[in-house]
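Here the structure is a predicted model, which is why all the values come from computation and not from measurement.
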Amino acid sequence: VKLSHKTNLLAAVTILAIAVALPWIFPSRYVVGQMTIMLIWVIVASQWNLVFGVAGIFSLAHLTVFGVGAYVTAILGLYLSFPAWAAVLVAAVAGVAVSTLIGWACLRLQGAYVALLTLAIAQAIYLLIITDTACIRMSGVTCDTLTGGARGLARFGDFGFRDWLPRSIQHVGNYYVVVIAASLALGFAYALLHSPLGLAFRALRDNRLYAMGRGVDRFRAQLIVFAASALFTAIAGGLYAVHLQVVGSNILTLPVLLFVLSMMIVGGSGTFWGPLVGAAVLMLADEGLKDYAEWRQMGLGLILIAAVMLFPRGIAGSFGAWLASRRT
Amino acid sequence: LETLVQIVVSGLTLSAMYAAGSLSLSLLWGSLGVLNMAHGAVLTVCGYLAYLAIVGLGLPPIAAVGATLFAGGVLGAAIYFCIIDWMRNRGNFETNVIIATVGLAMVLENAILAGFGAYPIRQDIGISGSVVFAGVNIPIQNIVILATSMVLMAATAAYMQFTRAGRAIRAVAQSRDAAQLMGVPVRRVFANVFMLSGVLAAASGIMLSLVTTLSPTMGYDPMLKAFIVCVIAGLGSIRGALIAALLMGLLEASIQFLIGVRFGFPVLLILVIITLIWRPYGLFGTARVARL
């Protein structure tokens, strides 16, 4: 079922209003912090959804683009003293470049082959980072490596809200930056989804040969979706680095990949609202499992299996189907 | 010459591991179109099961290996009936299976983590001793691994070629609907293939635990390597997998020796990507006929 632009806009404005008001309703530092993280995942999931759900390319290297964003931001801040704002913007460009390269390497393949190759690329980059021991600078007696190796990077500067916001509401600064980024990212996804390019992506997903027969250039269209989806993903990576003030190789591991994948699947891949709904549900589930740290990953795995088995269209997809059945 | 022999020996051992690992994946993909992302976790579980059978139950090594192979088969069948069977006749089968098995991998890995802890454990069986060839020590264990995976490959190929069940599997692989119409019990064939791949995974899990130590994530890297072998061979081609595994193992050993251990995997990957740009369906794979 297709909601009209008006309905979608209304929903978007309502959600945005809630997001803007939230820090004043729940002023707790913890809640606002978790909401910031959630919105970062919303950005990543919504952009991944463009590749996976809309264009139907099973890329597992999306978190690698996120990692590139985070690492480039940290490296520029730490070694070249870039201000955080500028570092995030450069990181966005780097993310687009890396994603285009990955797309170019993988797009001759299809289906499961793409999943395998992107996963292998992601793992190769992860391995290169954790085994990084070449010094590029000595600070005292310790050796600093470019990517921080297994230790990760820290102390690379923030947006500076500490200097000009009163102490009691400092944590709100990062939150609003991420709210703005998430709104832009979702707006971007929506615009792309309803543009002629979005139609081409969906046509290629639903019937590749027919779409190509009608003159859609598959390679070009799918390369564009790789590049386009990387922009806000890399920005999200940069924001994540600046918000947490630490970047580690853990963001490139399977559990994180699984977490964001679950958001997309549980929410409903291929739908516009799916990633947002999924991120909210998964963050809540994660919050609930917090006291059982040992079982957290297992719980996520079970949620993912159950979601695929019981409602493969996700919450948003099933809701859409329910709406459609009522209308007729 | 000594370094050359050294490279060849370690390369062949790597090849053997890759071949055994990719056999199970290749079988699942080639006949059912199932990409099993939980393969690495199954390897890990079987490695630990063998450990448990020897240390916990005090079984002699041969019996423990037998028990683990059996358990691997049961695990494969369980995966099929609990998860895969549910989505067999629904849309997006290929994608859904990948997602569900990623989740399963996480569940199994964390079950091991909860049961045994994160610290590496040494597998209790091991074959000591070595022979000297051209001035290089070759551990007998490596030779056993090489021989075992050769036997596994030959046995699988023979099973597919000459038995009734093997014929049924090949029929389903060619056309699931036609096989069903001809009276092939497709559901039983699926379960059969999953069981077989479970047994093969158990065998490679035990071999893997001999050369490394047991840890909850020990299956992940070998799984990726096995994936790459399958991709370069063309998913589903067993003969191709053997040749690709051989090439990959030797190449990786040489790269590790020439450039450094750290770059073994990345350089290999770049070579793979170049190969795939040249031959998108792998060296031995054939394009699946797309149905409109």
Side-chain angles (χ1 to χ4, degrees), chain A residues 52 56 58 60 102 104-117 119-128 130-134 207-210 213 253-255 257-259 261-262 264-265 269-270 294-310 312-313, chain B residues 29 33-35 37 82-83 86-87 90-92 94-111 113-114 217 220-221 223-225 227-228 230-231 234-235 261-270 272-274 276-282 285 287-288 290-292:
Chain A
F52 179 95
F58 205 144
L60 292 171
I102 293 176
W104 181 79
C106 297
L107 278 179
R108 277 159 203 282
L109 312 176
Q110 280 165 26
Y113 284 88
V114 175
L116 294 182
L117 203 60
L119 186 64
I121 291 173
Q123 178 71 1
I125 291 176
Y126 169 71
L127 287 176
L128 278 179
I130 59 166
T131 55
D132 186 8
T133 50
N207 197 331
R208 192 174 54 88
L209 290 180
Y210 187 62
T253 55
L254 203 55
L257 183 86
L258 188 81
F259 190 49
L261 182 68
S262 307
M264 205 163 58
I265 302 300
S269 68
E294 255 179 273
W295 306 106
R296 186 177 162 254
Q297 301 298 346
M298 200 186 280
L300 285 180
L302 288 174
I303 289 174
L304 188 56
I305 297 175
V308 177
M309 278 167 56
L310 302 177
R313 276 182 301 187
Chain B
W29 173 263
V34 165
L35 182 63
M37 300 289 265
C82 294
I83 300 175
W86 286 62
M87 25 187 137
R90 280 202 241 139
N92 278 336
E94 203 179 283
T95 320
N96 286 345
V97 164
I98 297 177
I99 298 167
T101 49
V102 170
L104 179 68
M106 219 62 220
V107 172
L108 290 178
E109 195 183 306
N110 281 281
L113 194 64
T217 51
Y220 189 59
D221 262 18
M223 173 178 78
L224 276 177
K225 303 271 174 67
F227 278 161
I228 296 181
C230 288
V231 167
L235 281 166
V261 173
R262 200 180 150 217
F263 294 101
F265 187 52
V267 172
L268 204 60
L269 199 61
I270 291 171
V272 167
I273 290 172
I274 293 170
L276 286 175
I277 287 171
W278 168 52
R279 297 218 38 171
Y281 290 95
R288 298 199 138 206
R291 272 156 286 184
L292 281 174

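Between chain B and the options V308(A), L261(A), L304(A), the largest number of non-hydrogen pairs under 4.5 Å is found for V308(A). Options L300(A), L60(A), I121(A) differ in how many heavy-atom pairs under 4.5 Å they form with chain B, and the most are formed by I121(A).
Scored by the ring-ring contact (aromatic ring centres under 6.0 Å, His included) test, F58(A) finds F52(A) as partners (sequence neighbours excluded).
Taking CD1 of I305(A) as the reference point, atom CG of L104(B) lies at 5.0 Å (rounded to 0.5 Å). Separating the CE atom in M106(B) from the CG atom in L257(A) is a distance of 9.5 Å, to the nearest 0.5 Å.
Residues M37(B) and L119(A) have side chains in contact (heavy-atom distance under 4.5 Å, counting atoms from C-beta outward).
When every heavy atom of I98(B) is checked against every heavy atom of A115(A), the shortest pair comes out as CD1-CB, 4.4 Å.
Contacts of A105(B) with chain A are absent, with no heavy-atom separation under 4.5 Å from either backbone or side chain. With a threshold of 4.5 angstrom between heavy atoms, L302(A) approaches chain B through its backbone and through its side chain. In this structure, chain A has a heavy atom under 4.5 Å from the side chain of L224(B), while its backbone stays farther away.
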